[in-house]
Structures are given as structure tokens and as C-alpha cells.
2 protein chains.
Amino acid sequence: MLVQTNFRIDTTTQPRSVQPNVPSLVAQSRPSVVAFFADKAPIYAQGAPAGPLYLVEFGAVRIYRLTADGRRQISAFHFAGEVFGFESGDEHQFFAESIGGAGIRALRPTSAGRMAESLLPLALRSLSRAQQHLLVLGRQNAREKMAAFLLDLSERQETDRFIDLPMQRNDIADYLGLTFETVSRILRKLKDAETIRLPSIKQIEVLDFAGLRALCK
Amino acid sequence: MLVQTNFRIDTTTQPRSVQPNVPSLVAQSRPSVVAFFADKAPIYAQGAPAGPLYLVEFGAVRIYRLTADGRRQISAFHFAGEVFGFESGDEHQFFAESIGGAGIRALRPTSAGRMAESLLPLALRSLSRAQQHLLVLGRQNAREKMAAFLLDLSERQETDRFIDLPMQRNDIADYLGLTFETVSRILRKLKDAETIRLPSIKQIEVLDFAGLRALCK
DNA sequence: CGACCTGTTGATTCTGCTCAATCAACGTGG
DNA sequence: CCACGTTGATTGAGCAGAATCAACAGGTCG
């Protein structure tokens, strides 16, 4: 469900932390409009030919893979200001879907250009994030995984103690290699320990950052 | 324990599958000798300033991280013909160590050059491998993890049914997010099921590739 | 209002971890 | 050459953490 819009994002409402090199990358790309993807709308699918990169203008995106028997691993979430869609071959290895509605700008290189120089730092950042995630998935227990996840979100959203959770429990579970029941239970325990509060279902208030950090690092 | 040698690798004994772009990357680098790193010798450490990339000429290398309490996650093994050492910042985020002795060539760019164009495909390959590994760590059980690991090794070493295991059980465990006891037990079960044979402690013969593939994909 | 979806909570099961003993391979020194 | 220590691998017993199965609550949207 792809809806083309001519809606241009006001640059003064840009996300808090634009990734480095993103501006120069946009400058080197052909002009493009922001496409709006409704909740759960696919941006690309595994097996589809890979082409442009994508810049999240607003909203959130999940990148995932499925096993043959339907288990899902979300490899990354992307928020406003972040670029995704890197592929090593000419086919997408992943699915990308909007979470709760997202504005996406496709970035297609103007010419051969010096695009690689802008791309490399972004690709390396993605690599670094994936590698950090490996440590979490391979060597942390459920509580530590959740703490790492919350701290990561908190750093990317610079909204102090309050963390937005645009994704649902199931998504968090598939990102952390848990079940949604376990996610729910761990949040409950963190709440009981007064490490966090749960003002609403999609928002978390961190009461004890030190406690969270002690859990995961 | 770094031993500089003037030993030059005969290119006719190059590894079976040289990664694409590696030759052009070497051509763009300053000439360098192959350094030999004895078993367990560090090639670089977490926190050390990041500089050159490294090409494995022979032997194997493990890349890993430690948690505060000493748990280890190996994010990758690298074999002859592969390049490692990508970093997104100016400090290494990982440790790199030789496994059972390895010859390593440092690759330092000659000038600014068009290095990024050669690097990007390699970085993307690393990213793709890390993402595949995320699926294994997050959503596969012990038997499936081992099957995925064996198939991966088998594809990288094109030695038909026989797989070399230069690393020890502990390394495999820390790569797959298991304990070494579990690694040992799973290998035993695969042997009992006549999916593999264990001719020696560092070699595996695959008897049933289809069976392995059915386990992990 | 009712159907559906998402989230929470409880009971039970089971996979893989922990702790522990044993064994094989290897190197060293008497 | 053999006794001894060390390191890595295997195997067993018991346990714990997270998964599974199940019931139910709250919200949303037609």
C-alpha cells in the first residue's frame, strides 16, 4: 500500500539526530518526493531487486527475515533521519515494513559520482550496530536484552527520560530473540523494581538509568 | 607476540575463493609484508586506534567482544582470502586474535584514492554476514545453530564433504551463543544420527547435507 | 455493540546451562 | 622412559530461565 505524496518535510522539524553524511547523500541523489507507507505496509520484500537506499523522514521501519517455518528475526528498527536498504547483492535479503505509518524518501544516485564515499560510513555504522546486536542476542539474558534495547532507544531519541515505543511487544520480542510474553513479563519486573514506569502502552519512563546500564554493559 | 617475516605468499597457493574486490584493494594499498601471528596472538584490541584493514593470507582469525563480566561473543571467523578490521569510529570495538597461527597482511591506503569504492562491497558483505548471524542467534535452537555453522564453513572451504575446524569447541560455542558442553553434545547427536562423522577432533565429514540444510533454513 | 487485536498473567514444560567427574592428548622435567 | 600437570573434549545429573499453552482483560474499529 504505497501512497505517493507531494508533502515536503519542513527541514526545521528534522529529527533530533540526523546521521552524519546523510545530507551529502541526499545532495548526491536525484530529487524525490516523500512516499507515505501506512502501518505494516511493505517498503520492499525479500527477493525483490535491490535499488535505491531509503531515508526515513518520519515514523519508524522494521527490517526482518523469516525462517522457512515462519519464525521472524527483526535485525533493525529505523527511525527519522536514518538510512536503510543496504544490500550486498542485487536482491533484497530482507523485508522492510512501515511501523504505524512512515514517510520514506528514496535515494537514487545521480550518476556514478563519489557516492561510495558517503555510503561507506553509513554502511559501517549499520555493521557496527549489527555487531553490537550480536553480543546482545548471543550472550545476554532476557532482562539484559531488554535493558540494552531501552538504552539504545533512549540514546537515539533524545527525549530524556521518556522513550517512545512505536513498535508492539511482538516486534520487540522478534528483535531481541524472545517471545512477546517474556517481553511483557520483563517490563513488569522492571516496573516492580521501579527501574521504569509505564505511563502508557507505547511509552516508557526511565526512572533509574544507572540501574539499566548496570544490567546490560 | 608479533613476528614480522619477509615470507611472501606464492599467489598460486591462494585460497580457493578470494573475495571479490580484494585484488583491487591490495593494488591500492601500500606494499606490505605478511606478519605471522602465533596461536592466540592479538592482532588488535578493543579500544586500540583503528587504522589499516587486514587480509588473511593463511590460517584463521576470530573477532570478538567481551561483556563486563567476561562473557565473550565471537562475531566472526575469518579465513584465508578474507578481509577484516572495518570500524565505524577511530577506535577498534573488537578484539582480533589469531587461531592456531595466521599470516596477516596489513592494507594501508596509498592516498585518499578511490579506496571507498573497493571497500564498500566488502563492508556490505560483512554486514550481510552479520545480519545472517543475527537470525541464527536470535531464532534458532542449538541443533539448528550448529547445522548453520557447519554449512557456512562448508561453503567457505570448498573441500567437499570434509570440514576443517581450526577453532576449538569453546570458540564455536561463543560464536553460536552456546556453551562448549552443548556444542559437544550436539555434535554427538549429529554423529549418532549419522548426519556427520568425526574423523578427528578438528575435522568433520558431512554425510547428509540435505539433513543439515533441513535443520537450519 | 461485538469482533478482533494486543497485551498481561498464570501454569506447566523443556531446552540448554551449571556444576562436576572423567578422559585423552600433549609437553615437561626428573 | 615414565610421572605429573595442563588443556581441551566428552559425558552425566540436576536446575533455571524462557518457551509454550491457556485464560482473560483492555482498546479499537467496523
Side-chain angles (χ1 to χ4, degrees), chain A residues 38-40 62 67 69-74 97 99-101 136-149 164-193 196-204 215-216, chain B residues 38-40 60 62 67 69-74 97 99-101 136-149 164-192 196-204 215-216:
Chain A
D39 184 37
K40 297 189 174 66
R62 62 177 165 241
T67 62
D69 57 351
R71 283 171 286 177
R72 183 179 69 158
Q73 177 64 45
I74 294 183
E97 282 179 6
I99 295 177
V136 173
L137 289 188
R139 283 287 171 242
Q140 316 249 85
N141 63 28
R143 204 156 29 116
E144 293 166 334
K145 285 175 175 179
M146 185 59 63
F149 176 68
D164 267 340
L165 295 179
M167 71 293 290
Q168 54 195 43
R169 301 291 187 268
N170 209 344
D171 291 324
I172 300 175
D174 285 351
Y175 179 71
L176 295 177
L178 302 169
T179 61
F180 61 88
E181 293 99 325
T182 300
V183 168
S184 188
R185 277 185 251 268
I186 297 289
L187 286 177
R188 180 65 153 75
K189 281 185 186 166
L190 289 175
K191 189 181 113 187
D192 288 349
I196 61 173
R197 285 202 328 118
L198 298 168
S200 85
I201 213 161
K202 295 228 170 286
Q203 199 178 39
I204 286 179
L215 275 180
C216 70
Chain B
D39 185 37
K40 297 189 175 65
R62 62 177 166 241
T67 61
D69 58 351
R71 283 171 287 177
R72 183 178 68 156
Q73 176 64 44
I74 294 182
E97 282 178 6
I99 295 178
V136 173
L137 289 188
R139 283 289 173 238
Q140 316 248 86
N141 63 29
R143 204 156 30 115
E144 294 166 334
K145 285 175 176 179
M146 185 59 63
F149 176 67
D164 267 339
L165 295 179
M167 71 292 291
Q168 54 194 43
R169 301 292 187 266
N170 210 345
D171 291 325
I172 300 174
D174 285 352
Y175 179 71
L176 295 178
L178 302 170
T179 61
F180 61 88
E181 294 99 325
T182 299
V183 167
S184 190
R185 279 185 250 268
I186 297 287
L187 287 176
R188 180 65 154 75
K189 282 184 186 168
L190 290 175
K191 189 181 113 189
D192 288 350
I196 61 172
R197 284 202 329 119
L198 298 169
S200 85
I201 213 160
K202 295 228 171 285
Q203 198 178 40
I204 286 180
L215 275 179
C216 69

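Only this structure's heavy atoms are used, side chains among them; waters, hydrogens and symmetry mates stay out. First the proteins, then the strands, lettered A, B, ... as listed; each starts at 1. Given the structure is predicted, the values throughout are model-derived calculations rather than measurements.
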TODO: Using whole Å, report how far CG of A:Leu198 lies from C1' of C:dT6.
DONE: 15 Å

TODO: Quickly work out the B:Gln168 CD to D:dT6 P distance and round it to whole Å.
DONE: 17 Å

Open item on the list: If I compare all heavy atoms of A:Gln140 with all of A:Lys145, which pair ends up nearest, and what's the gap?
Closed with: O-CE, 3.3 Å

Open item on the list: Could you check whether any side-chain heavy atom of B:Asp171 comes within less than 4.5 Å of a side-chain heavy atom of B:Arg169, counting everything from C-beta outward?
Closed with: no

Open item on the list: Contact between A:Ile204 and A:Leu187 at the side-chain level, heavy atoms closer than 4.5 Å - yes or no?
Closed with: yes

TODO: Could you tell me whether A:Arg185 and A:Asp192 have a side-chain N and a carboxylate O separated by less than 4.0 Å?
DONE: no

Task: B:Ile201 vs B:Gln168 side-chain heavy atoms within contact, under 4.5 Å - done: no

- [ ] Give one of base, sugar-phosphate or nothing for B:Lys189, where a contact means two heavy atoms less than 4.0 Å apart.
- [x] nothing

Open item on the list: Could you check whether any side-chain heavy atom of B:Tyr175 comes within less than 4.5 Å of a side-chain heavy atom of B:Val136, counting everything from C-beta outward?
Closed with: no

- [ ] Output the residues of residues 136-146 of chain A in contact with DNA chain D, where contact means a heavy atom of the residue under 4.0 Å from an atom of the strand; sort by number or write none.
- [x] A:Asn141, A:Ala142

Task: Contact check, side chains of A:Thr67 and A:Gln73, non-hydrogen atoms, under 4.5 Å - done: no

Task: d(NZ, A:Lys40; C1', D:dC29) in whole Å - done: 13 Å

Task: Proximity to DNA chain D (any heavy atom under 4.0 Å), residues of residues 177-187 of chain A only - done: A:Gly177, A:Leu178, A:Thr179, A:Glu181, A:Thr182, A:Arg185

Task: A:Met146 vs A:Thr182 side-chain heavy atoms within contact, under 4.5 Å - done: no

